[in-house]
Structures are given as structure tokens and as C-alpha cells.
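First comes the structure, then the notes that go with it.
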Number of protein chains: 2
Amino acid sequence: MQSAETLLREHNIKVTPQRMGIVEELKGEVHLSVDELYERMKSKFPSISLATVYKNINAMLEKNFLLEVKIPNIKSKYELAKEPHAHLQCVKCGKVEDIKLNLDSVIKESSQKSGYKIYEESLVLSGVCPECSGE
Amino acid sequence: MQSAETLLREHNIKVTPQRMGIVEELKGEVHLSVDELYERMKSKFPSISLATVYKNINAMLEKNFLLEVKIPNIKSKYELAKEPHAHLQCVKCGKVEDIKLNLDSVIKESSQKSGYKIYEESLVLSGVCPECSGE
DNA sequence: TTAAATGCAAAAAATTTGCAGACGT
DNA sequence: ACGTCTGCAAATTTTTTGCATTTAA
């Protein structure tokens with residue numbers, strides 16, 4: 001994957017050390033809440049402000065470089081935008097993973113049934129991951 | 001559908017006028033945010049407190065009588081719990097509707113791919129409703 | 001050099017809590 | 001009568017804003 005710096009530039013987001021830090025944290029299918037991100041950033045930049053984290057998350061959301069993932073029962077997590085995909089949530093360990101699914105037929109059916117023109121879908125599957133099942 | 005009072009009793013939630021009011025508002029596939037619910041309650045009970053609305057929403061969530069629907073870009077809405085179903089969101093008029101879909105094959109596929117035991121799914125489809133399309 | 005980002009503090013918004021009085025069972 | 005609910009105010013939590021200073025381009 002490209003460097004954090006390149007990714008930022010490609011999305012017309014001005015490069016700062018803090019922003020590179022955020023992108024570094026989120027690279028590799030990672031999903032973090034505001035707090036989790038802030039905690040991790042503090043180890044890289046002890047003087048970072050929570051306000052900076054919020055401002056940067058919002059700036060990146062506006063540029064569609066970041067995506068908010070709303071998950072039942074827990075706080076929103078953020079991820080780097082990529083091709084559409086669903087999410088798996090383990091209710092035991094709290095992990096969130098991406099899963100690539102083809103929802104074309106479901107969307108087609110929904111569209112026909114409802115008359116909606118559907119542009120986006122958000123699917124979260126909640127359950128127990130294999131690691132947590134075996135315990 | 002049963003009366004608000006009966007519904008509450010069946011879920012072991014003590015009946016009060018405010019709670020009946022909340023249930024009345026949410027009957028009939030309605031989806032309301034905290035604020036929307038508060039505004040509507042104020043016309044029925046001018047002296048109602050926002051804290052009461054929160055407390056009741058939380059009490060009803062705990063009893064699994066109410067469900068929080070997390071929807072991209074907007075505030076959570078609440079609905080009376082019923083059989084599992086997906087949601088349609090119109091990004092023009094803001095309306096949220098239920099839609100009954102069979103996701104069995106998607107869930108089966110996800111389960112096989114990931115090894116997760118999946119117990120719940122949450123699907124929100126965003127687009128434009130037929131009413132808003134024709135304008 | 002100039003506009004934008006950072007960090008801090010303060011402000012605003014959202015949610016929860018404590019408590020006295022009222023109410024449901 | 002007892003325990004719970006209500007409404008209010010206060011407290012907490014979450015998010016945003018303003019501003020002086022620093023920094024990226």
C-alpha cells in the first residue's frame with residue numbers, strides 16, 4: 001500500500017505529522033474509535049490534542065478519505081475508505097473486520113420492492129469470531 | 001396492533017402516561033430520533049423532561065422493547081422491536097422505512113468465509129425514495 | 001509569504017445522574 | 001405502603017469552536 005503521505009496528497013489533504021500518524025494507525029484494515037485513535041496518537045505525539053484528532057477525522061471524512069462505521073451497541077469506528085464492503089463485529093472481543101460480499105441481488109430486490117434508487121449500503125454482521133468461539 | 005399499555009405490560013415495563021405516549025408515537029413503523037421523540041412528546045406532555053425521554057428510551061432498550069437504528073450520516077433513530085428487517089433511508093427527505101429481506105444466503109456465505117457465528121445483522125440501504133425521485 | 005493546522009481553553013451539544021415529590025401497583 | 005417514575009438541576013461526556021502560535025507548501 002502507498003505511504004501515508006502519498007495517500008493524503010492524493011486526497012488533497014495537507015500533510016502534517018499528526019495526519020500521517022492517523023493514517024499510519026488506520027492502514028491495514030484497522031477500525032478505531034475516536035478514543036482509540038486518540039490514545040494511539042498520544043504515544044506518537046504526547047502533546048497532541050483531542051481537538052486535533054476530531055478536526056482531522058472531520059477533515060478526512062469530508063474528503064471521503066475516511067469512513068465512519070456505525071456499529072450496533074458500540075461507538076463508531078473509522079476506517080480508510082476503500083471499495084464497498086460489509087463488516088463483521090465480534091461481540092466477545094470487540095474486533096471489527098471487513099468482509100467482501102456481493103449484495104447486488106439483495107439491492108436489486110430492495111430496489112424493485114420499494115421503488116428506491118439505492119446508492120449505498122451499510123451492512124454489519126454481529127456474532128462471535130472463530131478465535132472467541134474456541135474458548 | 002395491541003394497545004401501548006398492553007405492549008408495555010408484556011415487556012414488564014411499568015406503565016406511565018409518558019411511556020404510553022412514547023409507544024403511541026412509535027407504533028406503525030415509525031422511526032424517531034431522541035429529539036424528534038422529545039418534540040412530539042412535548043405536545044402531549046408540555047412539562048415532560050428530556051431526561052425522562054432518555055431514561056425511558058434506555059429502559060425500553062434494556063428490555064429489548066425498543067431498538068436503536070444506526071444510520072449513516074444522521075442521528076440514531078428508535079423503533080419498536082419486531083422481526084428482523086433492513087432499513088431504507090431516503091437521503092432527500094430523510095425518511096426511514098422498514099424493508100423485509102431475506103439475507104439467509106448472505107449470512108451463510110459470510111459465516112463460511114469468516115468462521116464467525118452470526119447472530120444479528122444490520123443493513124441500511126441509502127438512496128432516494130420514489131416520491132423524491134419524481135421531482 | 002500565506003493559508004491552514006496545532007494545541008489549548010472555553011463553549012456547545014448530548015447524555016447521565018441525584019434527588020424530592022408524585023405515581024403505579 | 002413500597003418501590004419506581006417524573007421533572008428539575010447539576011454533572012458528565014462528547015464534540016465543536018475561537019484564538020494565538022506554529023507549520024506546510
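Lettering follows sequence order; numbering is per chain, from 1. Both backbone and side-chain heavy atoms feed into the values below; hydrogens, waters and symmetry mates do not.
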Whole angstrom is fine here: how far is it from [atom1] in [X] over to [atom2] in [N]?
X      : N       : atom1 : atom2 : result
I48(A) : dA9(C)  : CD1   : P     : 16 Å
M41(A) : dT6(C)  : CE    : C1'   : 12 Å
N58(B) : dG18(C) : CG    : P     : 14 Å
L50(B) : dT16(C) : CG    : P     : 10 Å
K14(B) : dA22(C) : NZ    : C1'   : 12 Å
K70(B) : dA14(C) : NZ    : P     : 16 Å
N12(A) : dA5(C)  : CG    : P     : 12 Å
R19(B) : dC23(C) : CZ    : C1'   : 12 Å

- Message: Could you check whether any side-chain N or O of S114(A) sits under 3.5 Å from a backbone N or O of S110(A), counting only pairs where one atom can act as donor and the other as acceptor?
- Response: yes
- Flag, side chain of H31(B) to backbone of V96(B), donor-acceptor distance under 3.5 Å: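 Judged by distance alone, yes, a pair lies under 3.5 Å.
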- Query: Within the pair K75(B) and dA14(C), is there a side-chain N or O less than 4.0 Å away from OP1 or OP2?
  - Reply: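 Answer yes for this pair, as a side-chain N or O of K75(B) is under 4.0 Å from OP1 or OP2.
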- Query: Between T16(A) and dA4(C), is there a side-chain N or O to OP1/OP2 distance below 4.0 Å?
  - Reply: no
- Query: Looking at CG of L32(A) and CZ of R40(A), how far apart are the two atoms once the value is rounded to the nearest 0.5 Å?
  - Reply: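 The distance works out to 4.5 Å.
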- Message: Reading DNA chain D from 5' to 3', where do the contacts with chain A start and stop? Cut-off is 4.0 Å to heavy atoms.
- Response: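 Contacts span dT14(D) to dA25(D), reading 5' to 3'.
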- Query: In terms of the nearest nucleotide of DNA chain C, which residue is placed more toward the 5' end: E5(B) or Y54(B)?
  - Reply: Y54(B)
- Grab the two heavy atoms, one from L8(B) and one from V15(B), that are nearest each other, plus how far apart they are.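 What the structure gives for the nearest pair is CB-CG2, 4.0 Å.
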- Task: Spell out, yes or no, whether I99(B) and Y78(B) are grouped together once hydrophobic residues are joined by side-chain heavy atoms under 4.5 Å, including indirect joins.
- Result: no
- Query: Heavy atoms under 4.0 Å, any strand shown: does P17(B) hit a base, just sugar-phosphate, or nothing?
  - Reply: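 The answer is sugar-phosphate, as P17(B) gets under 4.0 Å only of primed atoms, P, OP1 or OP2.
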- Query: Between K44(A) and E25(A), is there a salt bridge with N-O shorter than 4.0 Å?
  - Reply: yes
- Message: Quick one, E97(A) with Y116(B), criterion side chain to side chain donor-acceptor pair (under 3.5 Å). Give me CA distance, side-chain angles, the key distance, then yes/no.
- Response: CA-CA 11 Å; E97(A) 297 183 55; Y116(B) 272 63; 2.7 Å; yes
